[in-house]
2 protein chains.
Amino acid sequence: MKTTRRYGKKADLALTMWVKLARAATTFGHMTGENIRSFGLTQPQFGALECLGHLGPMTIGELCRKHLVSGGNMTVVVDNLQKEGYVERIPSPTDRRSVLVQLTPKGRKLFESIFSEHARFITSLAGVLSEPEQKELSRLLKKLGTSLAKGAM
Amino acid sequence: MKTTRRYGKKADLALTMWVKLARAATTFGHMTGENIRSFGLTQPQFGALECLGHLGPMTIGELCRKHLVSGGNMTVVVDNLQKEGYVERIPSPTDRRSVLVQLTPKGRKLFESIFSEHARFITSLAGVLSEPEQKELSRLLKKLGTSLAKGAM
DNA sequence: TTTGAATAATTTAAATTTGAACAATAACTC
DNA sequence: GAGTTATTGTTCAAATTTAAATTATTCAAA
């Protein structure tokens, strides 16, 4: 899809990069989303579960920052996980405004039973790139992401 | 953020790549979204306007496939653009099920007045990567995205 | 050619997400 | 310490998005 140069070489480079970034992320997201739904979870629910499973209890705010979503949203996501009995809210011992979210035994069991399968699925999807390519892609995405986030402060 | 190897080297590589992809795309999206809102448009509205402006009239279905969103969604996006007088629906001459969407003169005027500014903004964001890095990132994202999309068929 | 399957767009209901307003608590400044 | 400013989580309304059901049309096969 070679388009004519409409806005100058640099701009066209940046624009096509942005389109490809959006498309790759959306496609990847759709496919992992399907896999996740087969576990009976939504994508954000799974994301929160994964964070808590790998990193331990954390506040709503930390979950928000990790997933780049609004506070109102994460409250709902945690509400729904709590309704299913996968997580529980406990008051933070150090800050009475904060609430710690942690996996229940049921939540940990679910996490452990599904995450390795999910990891296999992700690995098979990523397999269309060689390992060096995956490393390079990770490096570039990290550089892009962190530079943008820093620039926004 | 060096994590321990939990699921094997290949899986960890794939998992961190996926996290970085999601974060970079979301951050980039947030920032371009802010810029787009300053034009009085939502992100999907802008996306449709851009498609129509660069590629000419096309059906709702084509807009869906370009943006990887559901048909119901694109119907609403086009509805809203139409309410603002930026696009119009015309019946397809070749298929009576289809509807062609095209920019109105007002829509084209808006498109031309804002897109070059938007291109400058995107270019400045992308500037955190060198040009060779942007090229390489584009190549890898394209390979990832198209391979995944193909695999899904 | 007519029946049946597939496709295009819309509608509807439900879920997700955001942003703003709010209450409670913490941190800071004078 | 008192008073101001920031931060944390929740609630609410509105916008976005999806998936399923619906209608209309086209395509294909017998």
Side-chain angles (χ1 to χ4, degrees), chain A residues 22 25-27 29-38 40-49 52 57-84 87-102 153, chain B residues 22 25-27 29-38 40-49 52 57-84 87-102 153:
Chain A
T26 305
T27 305
H30 282 169
M31 302 186 79
T32 59
E34 266 181 64
N35 191 49
I36 286 165
R37 257 191 304 285
S38 75
L41 294 171
T42 69
Q43 223 157 356
Q45 284 171 0
F46 182 83
L49 204 73
L52 298 170
M58 66 183 73
T59 66
I60 302 267
E62 285 172 305
L63 284 172
C64 285
R65 285 186 287 278
K66 293 228 177 283
H67 292 86
L68 306 175
V69 298
S70 67
N73 186 8
M74 192 50 76
T75 293
V76 174
V77 172
V78 170
D79 282 350
N80 290 332
L81 283 172
Q82 195 167 15
K83 271 181 210 147
E84 301 286 337
V87 306
E88 56 194 351
R89 284 174 162 92
I90 55 180
S92 162
T94 59
D95 185 337
R96 287 199 293 167
R97 294 169 303 180
S98 286
V99 178
L100 285 174
V101 185
Q102 69 178 8
M153 290 188 219
Chain B
T26 305
T27 304
H30 283 169
M31 302 187 79
T32 59
E34 266 182 64
N35 191 49
I36 286 166
R37 258 191 303 285
S38 76
L41 293 171
T42 68
Q43 222 157 357
Q45 284 172 0
F46 182 83
L49 205 72
L52 298 171
M58 68 182 73
T59 66
I60 302 267
E62 286 172 306
L63 284 172
C64 286
R65 285 185 288 278
K66 294 228 178 283
H67 296 273
L68 304 176
V69 299
S70 68
N73 185 7
M74 192 50 76
T75 292
V76 174
V77 171
V78 170
D79 282 350
N80 290 332
L81 283 173
Q82 196 168 15
K83 272 181 209 145
E84 302 287 338
V87 305
E88 56 194 351
R89 284 172 161 94
I90 56 179
S92 162
T94 59
D95 186 336
R96 287 198 294 168
R97 294 169 304 180
S98 286
V99 177
L100 285 173
V101 185
Q102 69 179 7
M153 294 191 216

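Residue numbers begin at 1 in each chain, while the letters A, B, ... track the order of the sequences. All values reported here derive from a predicted model rather than from experimental measurement.
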Hey, which of these two, B:Arg96 or A:Glu62, hits DNA chain D nearer its 5' end, going by closest nucleotide? A:Glu62
B:Ser98 vs D:dT25: side-chain N/O to OP1/OP2 distance below 4.0 Å: no
Taking C-beta and beyond as the side chain, do A:Thr42 and A:Arg37 meet within less than 4.5 Å on heavy atoms? no
Give a yes or no answer on whether the side chain of A:Gln102 reaches the backbone of A:Arg89 with a donor-acceptor pair at less than 3.5 Å. no
Does the base of C:dT7 carry an N or O that pairs as donor and acceptor with the side chain of B:Arg97 under 3.5 Å? yes
Between atom CD in A:Gln43 and atom C1' in C:dT17, what is the gap in whole Å? 14 Å
Between B:Asp95 (CG) and C:dT7 (P), how many Å, whole number? 12 Å
Beyond-backbone contact of A:Val99 with A:Ile90, side-chain heavy atoms, under 4.5 angstrom: no
Just the rounded figure in Å: distance from P of D:dG9 to CG of A:Leu63. 9 Å
Steps toward side-chain contact (heavy atoms from CB on, under 4.5 Å) verdict (B:His30, A:Leu68): CA-CA 9 Å; B:His30 283 169; A:Leu68 306 175; 4.2 Å; yes
For a quick check of understanding: with a heavy-atom distance under 4.0 Å over all strands, which category does A:Thr59 fall into, base, sugar-phosphate or nothing? sugar-phosphate
Going through the checks in order, is the side-chain contact (heavy atoms from CB on, under 4.5 Å) test met by A:Arg97 and A:Thr59? CA-CA 10 Å; A:Arg97 294 169 303 180; A:Thr59 66; over 6 Å; no
Letter by letter from the 5' end, nucleotides 14-22 of chain D scores (B base, S sugar-phosphate only, - none; protein heavy atoms under 4.0 Å) --SSBS---
Dump the intermediate steps for side-chain contact (heavy atoms from CB on, under 4.5 Å) on A:Leu81 and A:Glu84, then the final yes or no. CA-CA 5 Å; A:Leu81 283 172; A:Glu84 301 286 337; 5.8 Å; no
Estimate the overall bend of the helix from C:dT1-D:dA30 to C:dC30-D:dG1 from the end axes over five pairs each, rounded to 10 degrees. 30°
If you measure only the distance, is there a donor-acceptor pair under 3.5 Å linking the side chains of A:Gln82 and A:Glu88? no
Look at the side chain of B:His67 and the backbone N and O of B:Pro44, then say whether any donor-acceptor pair between them is shorter than 3.5 Å. no
Rounded to whole Å, how long is the line connecting atom CZ of B:Arg89 with atom P of C:dA8? 16 Å
Could you tell me how far apart B:His67 (NE2) and C:dA9 (P) are, to the nearest whole angstrom? 14 Å
Go through it in stages, so that I can follow the logic: the residues are A:Met74 and A:Val78, the test is side-chain contact (heavy atoms from CB on, under 4.5 Å), and I'd like the CA-CA distance, side-chain angles, deciding distance and then a yes or no. CA-CA 6 Å; A:Met74 192 50 76; A:Val78 170; 4.2 Å; yes
